[in-house]
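What follows is a short report on a single structure.
So that the names make sense, note that chain A is the first sequence line, chain B the second, and so on, each numbered from 1. Excluded from the calculations below are hydrogen atoms, water molecules and symmetry mates; all remaining heavy atoms, backbone and side chain alike, are included. In this text, all values refer to a predicted model and were calculated from it rather than measured experimentally.
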Amino acid sequence: MNQQCCAAPHRFSGWRCCRVAPQSFPMAQVRVRFAPSPTGFFHIGSARTALFNWLYARHTGGVFVLRIEDTDAARNTEEFLKVIYDSLTWLGLNWDEGPKVGTCGGGDSGPYRQSERAPIYREYLEKLKAAGRTYEKDGAIWFKLLGDRQEVFDEHRKKTVVKVKNTPAVIEDLIRGRVERLEDEDFVIVRSDGNPVFHLVNVVDDIAMRITHVIRGEDHLSNTSKHVELFKALGAPVPAYAHIPLILKQNGPGKMSKRDQGALIEEYQRRGFLPEALVNFLCLLGWNPGDDREKMPIAEIIRLFDLPGVNQSNARFDEKKLAHVNMAYLLELPADEFVRRARGYFSGLGENAGAKAALAADAGFFREVMLLCQSKLKGLEELPAYTAYFFTEDYPVDAKARDKVMGKGDPAARLRELAAALATTDFSSDTAIEEAIKVLAAGKGLGFGDYQSVARLAVSGTNIGPSITGMFRVLGRERVLARLGLPKEAFGSA
RNA sequence: GCCCUCAUCGUCUAUCGGUUAGGACAGGGGAUUCUCAAUCCUCAAAGCGGGGUUCAACUCCCCGUGGGGGCACCA
């Protein structure tokens with residue numbers, strides 16, 4: 001993956017890809033930002049927002065800025081920050097400017113944590129004050145809109161509010177087109193405790209960091225009129241906007257939230273999903289290359305990605321599709337890489353006994369086992385259960401499989417015959433093993449399958465698994481014969 | 001309630017006025033096979049409703065309806 005950061009972003013193509021130039025930075029380099037707040041979770045929707053920002057930066061040869069919106073001081077931000085850094089890094093979304101982490105970060109528009117930018121907010125607040133665009137009320141500082149005002153009773157909120165006869169803000173959205181929204185009430189920009197609110201710091205930072213394109217979730221579309229008013233009041237150019245559709249939970253109404261199944265990036269990481277598969281899947285949620293292609297290398301996605309190509313409608317999350325994409329990536333992983341990732345997954349399992357046994361095994365043996373099973377898996381998380389019997393003699397026996405297999409024919413006799421037939425077979429060769437079983441079966445007027453099923457149960461304790469000849473070869477003659485000859489208690493009377 | 005926004009198979013989507021409305025996931029069936037997967041073939045599955053505009057509308061416009069978001073001294 002693309003882990004070498006930031007310093008020299010690739011230049012895939014230029015401005016011709018962007019149908020609508022940002023309103024006030026005609027030929028400037030694209031600067032986008034991802035601005036999460038450290039809550040301790042990294043949401044899949046946030047991941048996609050980060051991804052689309054990153055893609056746009058890489059596509060245009062622009063700069064991807066990471067800014068931490070940690071104005072909520074009450075939290076243990078150091079630990080929560082790590083969640084953000086880890087998730088972005090895992091997904092391969094390297095940032096050019098932002099907090100320094102590994103090879104990512106740096107830049108001259110810092111600091112990149114809002115908790116460290118108080119003087120900057122004060123400075124911009126002074127500008128607003130000087131321009132006569134603020135006033136105090138109830139101990140807070142309010143932003144004053146331009147226009148005649150009148151008091152009206154708001155039926156819904158059951159209180160009198162001051163409405164301003166303002167003209168609608170115009171948002172030229174690269175995804176939605178022209179959107180007009182009227183902001184007709186003053187709003188708080190500094191709380192009575194002295195802390196600036198989101199709308200202010202967000203706009204100030206976008207100005208100070210010279211952000212050209214604001215790519216964010218559609219849930220921010222309604223906020224944008226406030227932001228446009230602030231940009232104008234500060235005499236700053238309004239950035240281009242691109243509001244991307246939201247990800248809806250797969251069951252039930254509403255957008256996906258932290259508590260929904262499959263919402264957290266760390267969970268995919270923990271479960272051994274391939275980050276490149278998740279990224280590819282996320283790209284497809286709201287964007288497509290314009291043809292039937294789905295599984296695509298990230299470089300190709302970068303080449304084709306553009307904001308006007310993003311869908312306008314919300315997308316429902318589909319874990320089945322994700323699983324399929326993940327499997328497709330898993331299947332195509334080169335042998336060495338697959339083994340490396342499999343080992344990584346086992347390592348992540350910590351004190352798990354099965355995982356420890358697998359990691360303690362001979363590296364060559366581990367590799368053989370993994371490669372034997374690669375094409376059978378949907379995801380790395382299936383690995384421990386799928387391969388347990390290779391690494392221990394104390395593997396479980398599946399009751400259902402046992403009842404099914406032991407119910408027909410004379411299983412004990414077949415195991416004996418098989419053991420005898422394999423006693424002199426060359427176990428270094430799949431075909432030799434296959435031949436031996438075939439010859440035995442033919443001699444008894446039976447099929448390969450009649451021996452295969454009972455042998456599989458005896459040797460692996462289950463009726464699913466990799467090819468039995470491969471399984472035998474990897475396990476080796478001694479262990480196979482032992483398991484055929486000394487069936488576990490399970491093979492007594494079931 | 002007000003404001004913004006969206007609308008093609010169950011799901012993700014293609015189509016940028018003229019197509020037998022295509023693909024993918026999921027589902028059904030079949031082939032293959034040493035189990036289970038994978039793979040291949042195959043079946044079923046969609047233009048929310050009503051008005052316009054046009055020779056022609058899934059595509060453009062309007063109105064409904066439905067979904068989503070927002071309406072804080074949260075971000």
Which residue lies more 5' along RNA chain B, comparing A:Gly465 with A:Phe198 via nearest heavy atoms:
A:Gly465
Between A:Ser453 and A:Lys321, name the one whose nearest nucleotide on RNA chain B is closer to the 5' end.
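Counting from the 5' end, the first nearest nucleotide belongs to A:Lys321.
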A:Phe317: what forms a ring-ring contact (aromatic ring centres under 6.0 Å, His included) with it, not counting sequence neighbours?
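With neighbours one apart ignored, the set is A:Phe281.
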Residues 195-203 of chain A, side-chain donor-acceptor partners within the protein, below 3.5 Å, at least two apart:
{"residue": "A:His199", "atom": "ND1", "partner": "A:His227", "partner atom": "NE2", "Å": "3.0"}
{"residue": "A:Asn202", "atom": "OD1", "partner": "A:Arg33", "partner atom": "NH2", "Å": "3.2"}
{"residue": "A:Asn202", "atom": "ND2", "partner": "A:Glu69", "partner atom": "OE2", "Å": "3.2"}

Flag for [Y]-[X]: side-chain donor and acceptor within less than 3.5 Å:
X: A:Asn326; Y: A:Tyr268; answer: no
X: A:Arg216; Y: A:Thr224; answer: yes
X: A:Thr469; Y: A:Ser467; answer: yes

Between [options], which one does the side chain of [X] approach most closely?
X: A:Arg176; options: B:rA24, B:rU5, B:rC34; value: B:rU5
X: A:Leu331; options: B:rA38, B:rC34, B:rA7; value: B:rA38
X: A:Asp318; options: B:rG22, B:rC25, B:rA75; value: B:rC25

Verify the contact: side-chain N or O of [X] to OP1 or OP2 of [N], cut-off strictly under 4.0 Å; return yes or no.
X: A:Gln312; N: B:rC6; result: yes
X: A:Asn311; N: B:rA14; result: yes
X: A:Ser375; N: B:rA37; result: no

To the nearest Å, how far apart are A:Leu81 CG and B:rA75 C1'?
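Value for this atom pair: 15 Å.
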In whole Å, I'd like the distance from the CD1 atom of A:Ile175 to the P atom of B:rC16.
21 Å
Quick one: look up who B:rG49 pairs with, Watson-Crick or G-U, both distances under 3.5 Å, and put none if it's unpaired.
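Per the H-bond distance test, B:rC63.
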Looking for any heavy atom pair under 4.0 Å, which part of the strands does A:His243 touch: base, sugar-phosphate only, or nothing?
nothing
Collect all protein-nucleotide pairs involving nucleotides 69-73 of chain B in which both atoms are nitrogen or oxygen and the distance is under 3.5 Å.
{"residue": "B:rG69", "atom": "OP1", "partner": "A:Lys255", "partner atom": "N", "Å": "3.0"}
{"residue": "B:rG69", "atom": "N2", "partner": "A:Ser222", "partner atom": "OG", "Å": "3.2"}
{"residue": "B:rG70", "atom": "OP1", "partner": "A:Lys255", "partner atom": "NZ", "Å": "3.4"}
{"residue": "B:rC73", "atom": "O2", "partner": "A:Ser192", "partner atom": "N", "Å": "2.7"}
{"residue": "B:rC73", "atom": "O2", "partner": "A:Ser192", "partner atom": "OG", "Å": "2.8"}
{"residue": "B:rC73", "atom": "N3", "partner": "A:Ser192", "partner atom": "OG", "Å": "2.9"}
{"residue": "B:rC73", "atom": "N4", "partner": "A:Asp138", "partner atom": "O", "Å": "2.6"}

Go through the steps to decide whether A:Leu91 and A:Trp54 satisfy the test side chain to side chain contact (heavy atoms under 4.5 Å, CB included), and finish with yes or no.
CA-CA 11 Å; A:Leu91 290 169; A:Trp54 180 86; over 6 Å; no
Do A:Thr469 side-chain and B:rC34 base share a donor-acceptor contact under 3.5 Å?
yes
Within 45° of the ring axis of A:Phe187 and under 6.0 Å from its six-membered ring centre, is that where the NZ or CZ of A:Lys226 lies?
yes
